[in-house]
Amino acid sequence: MVAYLLITLVKCLVVLLILLTAVAYIQLAERKIVGRMQSRVGPTRVGPFGLLQPAADAIKFILKEDVTPDGAHKFLYVLAPMLAVVLALLSITVIPVGPIVHLFGITTALQITDINVGLLFILGVTSLGVYGVVLAGWSSNSKYSLLGSLRGGSQMISYELALGLALVGPVMLAGTLSLRGIVEAQAHLHWFIVPQIVAFAVYLTAAFAETNRVPFDLPDAEGELGAGYHTEYSAMKFAMFFLAEYVNMITVSCVATLVFFGGWMGPLFGPALLRALLPVLYFVAKVCCFLFLYIWVRGTLPRFRYDQLMGFGWKVMIPLALANVMVTGLVVALH
Amino acid sequence: MQLALFLVFALVAVAGGVNLLLQRHPIYSALSLVTVMGALAVEYLLLGAEFIAFIQIIVYAGAIMVLFVFVIMVLNAGEVAAPPKSRVAAFLGLPLLTALALLLLTQFTGSIGGAGLALGDPRVGPAEVGDALFHRYLLPFEVTSVLFLVGILGAVVLAARPHRPRPAAGQAPEALAENPAAAAARR
């Protein structure tokens with residue numbers, strides 16, 4: 001029991017550390033890559049190639065004045081960013097990054113906890129993520145925040161349906177809701193991207209909308225709403241929303257990798273050490289591809305109009321996802 | 001360990017329920033209800049019903065209560081004044097509450113003990129729930145889904161605006177498209 005708690009604690013700390021560093025450098029990578037796409041160089045001043053920029057940003061976040069607007073609902077105003085960050089971090093706990101390993105005489109899975117209904121857990125936590133956005137906008141006592149959070153809330157509720165339905169197809173093929181089980185069902189390069197290409201397209205689009213990223217970034221449309229639901233937030237409270245957004249990006253990329261691209265599966269070769277490391281490397285590489293896609297899309301696509309967004313979500317994505325569920329169900333039943 | 005967790009979350013659920021009644025502001029009441037649902041989900045988990053627990057979170061906390069919060073925000077509902085104190089409630093409230101609690105306590109402790117359910121029982125996964133729904137309870141399940149469909153249709157008909165002359169050009173094309181529910185409402 002004590003050993004179990006200890007191992008879990010160590011895993012949590014390691015995951016948290018990796019995650020925070022990853023968020024800092026994804027953000028730097030984003031600024032660099034988008035900069036290149038717009039014929040700029042991006043940040044270069046702090047450290048070699050601007051590599052210490054995230055540290056400088058962190059110090060700035062901590063030292064900034066923490067403002068609470070007049071007439072804000074104080075309790076909810078403080079609660080909202082915490083909720084956003086906690087829920088974002090919570091969903092990462094069930095993500096497996098590699099197979100079961102034997103290390104220093106301990107046999108453990110490369111994930112914080114393996115639950116039977118891992119995918120449902122992630123969907124549940126994502127569905128609660130709306131509260132962070134909605135409460136932030138409402139409690140700030142600002143019209144821009146309120147409009148941003150209303151947009152964000154309705155967008156997230158609408159696309160959540162498509163997101164969940166898109167994942168039903170792969171779950172039917174794998175016959176389990178456990179993320180580890182889904183990956184193991186894709187052994188020998190039987191990746192679900194091939195039979196479930198429609199589901200993948202729907203999932204990817206809905207994931208962009210769930211994380212409020214371009215082209216679905218209406219909740220924080222700079223041109224019309226200031227900064228949307230986090231307009232009134234400053235210093236570390238703003239940093240928390242920022243952190244939550246990027247952690248959510250990592251989570252949906254991980255889920256896409258696990259469910260459609262075989263997770264850590266890939267050809268194994270070389271000496272024992274390399275064999276042990278390769279699965280994790282495959283996983284990280286696949287996730288990085290998705291993160292690059294996020295940044296690429298941000299540098300490329302314009303924003304949707306609100307009625308287009310809703311029409312697309314309800315009239316295209318959900319019917320497509322439902323059709324995919326029906327066809328997959330028929331095929332699975334006939335086999 | 002499991003009993004301790006059960007007690008903690010049972011307390012959280014009851015506290016959330018009481019807070020729901022005591023709060024003056026609808027948003028805080030709605031959020032207390034979310035807390036109750038979260039605590040209930042943990043109790044389901046402790047009973048080994050993982051599937052039900054997460055469905056509880058997704059459907060109730062994640063969808064239904066979000067809509068509640070949404071409506072409160074859109075209507076911009078403010079604090080509500082305390083309802084006038086009823087004399088009947090003051091005299092009968094506490095005795096009736098005690099009686100109800102006693103009734104529930106005696107009834108349910110008996111039935112739970114009889115069914116042999118206990119904390120930390122074997123897990124009930126999605127497969128078992130699906131099996132029960134689509135074999136044993138197939139007819140009630142399908143009838144309920146028809147009921148939901150009727151509810152949805154009713155909501156669409158109620159929400160559809162009454163027929164007005166066609167708006168001038170410049171309106172978004174989606175709004176002009178013929179929509180079956182609106183047509184039904186017009187008839």
Side-chain angles (χ1 to χ4, degrees), chain A residues 1 5 73 75-76 79-80 83 87 90 94 115-135 137-139 141 143 145-147 149-150 152-154 156-158 160-161 163-164 168 171-172 175-178 181 305-312 314-315, chain B residues 1 19 23 25-28 30-35 37-38 41-42 44-45 48-79 122-130 134 156 171-177 179:
Chain A
M1 186 71 192
L5 277 179
H73 288 252
F75 176 67
L76 294 182
L79 183 74
L83 214 57
L87 291 173
L90 205 58
V94 294
I115 54 177
N116 272 342
V117 286
L119 209 53
L120 275 185
F121 176 83
I122 290 185
L123 285 178
V125 172
T126 340
S127 72
L128 292 181
V130 186
Y131 285 109
V133 171
V134 167
L135 292 180
W138 185 79
S139 65
N141 190 30
K143 54 178 178 265
S145 301
L146 185 64
L147 280 175
S149 71
L150 284 179
S154 44
M156 284 162 95
I157 298 172
S158 309
E160 209 171 82
L161 291 171
L163 191 84
V168 172
V171 165
M172 278 199 279
T176 172
L177 280 164
S178 149
R305 213 172 55 211
Y306 190 72
D307 58 319
Q308 291 171 333
L309 173 99
M310 282 295 157
F312 185 63
W314 288 97
K315 293 180 199 157
Chain B
M1 177 78 177
N19 196 40
Q23 285 294 337
H25 203 293
I27 284 259
Y28 289 100
L31 291 178
S32 316
L33 193 51
V34 176
T35 317
M37 304 212 169
V42 178
Y44 289 144
L45 267 185
E50 293 174 333
F51 184 71
I52 304 291
F54 288 116
I55 290 296
Q56 158 100 358
I57 295 269
I58 294 174
V59 174
Y60 285 97
I64 295 181
M65 287 317 294
V66 170
L67 287 181
F68 272 53
V69 172
F70 226 68
V71 169
I72 295 171
M73 277 172 54
V74 172
L75 296 179
N76 203 9
E79 301 214 348
R123 294 170 173 181
V124 183
E128 287 83 0
V129 174
F134 289 105
V156 171
Q171 186 93 7
E174 287 91 325
L176 288 178
N179 142 1

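Just so you know, these numbers use all the heavy atoms, side chains as well, and skip hydrogens, waters and symmetry mates.
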Would you say [X] has more than 12 foreign heavy atoms packed within less than 6.0 Å of its [atom1]?
X	atom1	answer
Phe75(A)	CZ	no
Phe68(B)	CZ	no
Phe312(A)	CZ	yes

Which atom pair, heavy atoms only, marks the closest approach of [X] to [Y]?
X	Y	answer
Gly62(B)	Glu160(A)	O-OE1, 4.4 Å
Phe70(B)	Leu150(A)	CZ-O, 3.3 Å
Val117(A)	Pro126(B)	CG1-CG, 3.8 Å

So which part of [X] gets closer than 4.5 Å to some heavy atom of chain B, the side chain, the backbone, both or neither?
X	result
Leu177(A)	side chain
Val134(A)	both
Thr176(A)	neither
Leu123(A)	both
Leu161(A)	neither

Can you find a heavy atom in the side chain of Phe121(A) that is under 4.5 Å from one in the side chain of Ile57(B)? no
Among residues at least two apart in sequence or on other chains, which ones pass side chain to side chain donor-acceptor pair (under 3.5 Å) with Ser158(A)?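 Listed in chain order: Trp314(A).
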Parallel, tilted or perpendicular: which describes the rings of Trp138(A) and His25(B), with under 30° parallel and over 60° perpendicular?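 Answer is perpendicular, since the angle exceeds 60°.
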Return the [atom1] to [atom2] distance between [X] and [Y], rounded to the nearest 0.5 Å.
X	Y	atom1	atom2	result
Phe51(B)	Asn116(A)	CZ	CG	12.5 Å
Ile122(A)	Phe54(B)	CD1	CZ	10.5 Å
Leu31(B)	Leu83(A)	CG	CG	8.5 Å

The interface call for Val34(B) against chain A, heavy-atom contacts under 4.5 Å, is side chain
Part of Ala63(B) within contact of chain A (heavy atom distance under 4.5 Å):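 Neither part; nothing is under 4.5 Å.
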When you measure from the side chain of Tyr131(A) to the backbone of Val69(B), do you find a donor-acceptor pair of N or O atoms at a distance under 3.5 Å?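 Pair absent, no side-chain N/O of Tyr131(A) close to backbone of Val69(B).
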side-chain contact (heavy atoms from CB on, under 4.5 Å) against Val168(A), all qualifying residues, sequence neighbours excluded: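 Checked Val168(A) against side-chain contact (heavy atoms from CB on, under 4.5 Å); matches are Met172(A), Val325(A).
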